[in-house]
Amino acid sequence: MCGRYSLALDPDDIMSHYGVIVDGVVYTRRYNIAPGQQCTVLLDDPPGGRTAGSFRWGLVPSWAKDPSIANKLVNARSETAAEKPSFRDAFRKRRCIVLADGFYEWGKAMMDGRKIPIRFERRDGAPLSLAGLWESWTPQGSATPLLTFTILTTAANDTMRPYHHRMPVLLEPANYTQWIDSAFNNVDRLMELTTPAPNDLLSAREVSTRLNSVANDDPSVLDPPRDENSFL
DNA sequence: CCAGACGTTGTT
DNA sequence: GTCTGG
DNA sequence: CCAGACGTTGTT
DNA sequence: GTCTGG
């Protein structure tokens with residue numbers, strides 16, 4: 001769950017909502033973001049502050065010999081992340097906010113094999129703040145660390161349940177500072193913040209199957225799906 | 001002790 | 001079927 | 001997440 | 001790095 005999302009906010013809106021400045025190094029408008037790609041995240045760098053960075057989606061634990069493990073660590077179950085060897089250090093000390101304005105799920109395939117993607121966004125139009133964990137991994141013999149992250153999942157709420165049994169952890173603005181605070185490590189409180197979003201928070205609608213290919217990263221992926229009986 | 005895993009999703 | 005690339 | 005590859009040798 | 005399985 002949560003293997004594709006979008007982030008096409010106006011930089012001014014990012015500034016007013018999160019209080020951070022984003023330049024071209026850490027932010028470009030994206031409609032179809034996939035694992036393995038560089039993504040905009042917020043973290044408390046320096047500690048106590050708030051900075052936007054460009055991190056690669058798919059977490060590589062610090063002990064990894066090979067970064068290919070990232071393919072399997074695109075999501076982390078929030079119920080167990082505090083204990084799992086791959087995530088527990090990051091859960092205590094390296095949490096981040098993954099900036100987004102929508103995310104996607106796919107239903108079962110149609111008769112022709114196509115899967116129609118569903119887009120979820122906030123009904124109030126506000127940015128979506130996905131809860132994430134980040135890591136720094138330095139390849140042997142290299143000086144430059146690879147910065148990676150994963151997105152936490154939780155049980156689906158009523159909006160999501162028709163489509164999937166998991167959903168990304170969504171953070172409210174009141175909890176941003178506590179979530180990214182690397183000095184805060186009260187696991188009970190942190191786990192409270194990973195509970196499913198309220199049932200009325202999100203809207204759902206079908207979008208274009210052009211979204212299925214990561215090569216399509218433009219506003220038209222948000223269009224309604226083409227009628228399956230149409231030859232246009 | 002060493003060797004090998006360390007994860008999620010969905011599907012069966 | 002399973003892994004890689006995006 | 002989905003789409004697309006999944007292999008070797010030798011020759012250009 | 002740290003835990004589990006043998």
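In what follows, chains carry the letters A, B, and so on, assigned in the order in which the sequence lines appear, proteins first and then strands, with residues in each chain numbered from 1.
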Short side-chain N/O contact from A/T153 to OP1 or OP2 of B/dT8, under 4.0 Å: no
Atom-pair distance (CD1 on A/I69; P on C/dT4), nearest Å: 12 Å
Phosphate-side-chain proximity, A/T80 and B/dT8, N/O vs OP1/OP2 below 4.0 Å: yes
Contact under 4.0 Å: A/R114 side-chain N or O vs D/dC2 OP1/OP2: no
Residue pairs passing the salt bridge (Lys or Arg N to Asp or Glu O under 4.0 Å) test where at least one lies in residues 59-69 of chain A, sequence neighbours excluded: none
Value in whole Å for how far the P atom of C/dG5 lies from CH2 of A/W57: 17 Å
Qualifying ring pair (Phe, Tyr, Trp, His ring centres under 6.0 Å) pairs, either residue in residues 64-107 of chain A, two or more places apart: A/F103-A/F120
Contacts of A/D89 that satisfy salt bridge (charged side-chain N to carboxylate O under 4.0 Å, His left out) - sequence neighbours left out: none
Under-4.0 Å side-chain N/O to phosphate OP1/OP2 contact, A/R166 with B/dT9: yes
Partner set under ring-ring contact (aromatic ring centres under 6.0 Å, His included) for A/W179, not counting sequence neighbours: none
Ring pair (Phe, Tyr, Trp, His ring centres under 6.0 Å): pairs with one or both residues in residues 9-46 of chain A, sequence neighbours excluded: A/H17-A/Y176, A/Y18-A/Y176
For DNA chain E, the dot-bracket pattern of Watson-Crick and G-U pairs whose distances stay under 3.5 Å, | for other-strand partners: ||||||
A/R166/A/E79 ion pair, N-O < 4.0 Å: yes
Per-pair stack call A/W63 and B/dC6, 5.5 Å, 30°: yes
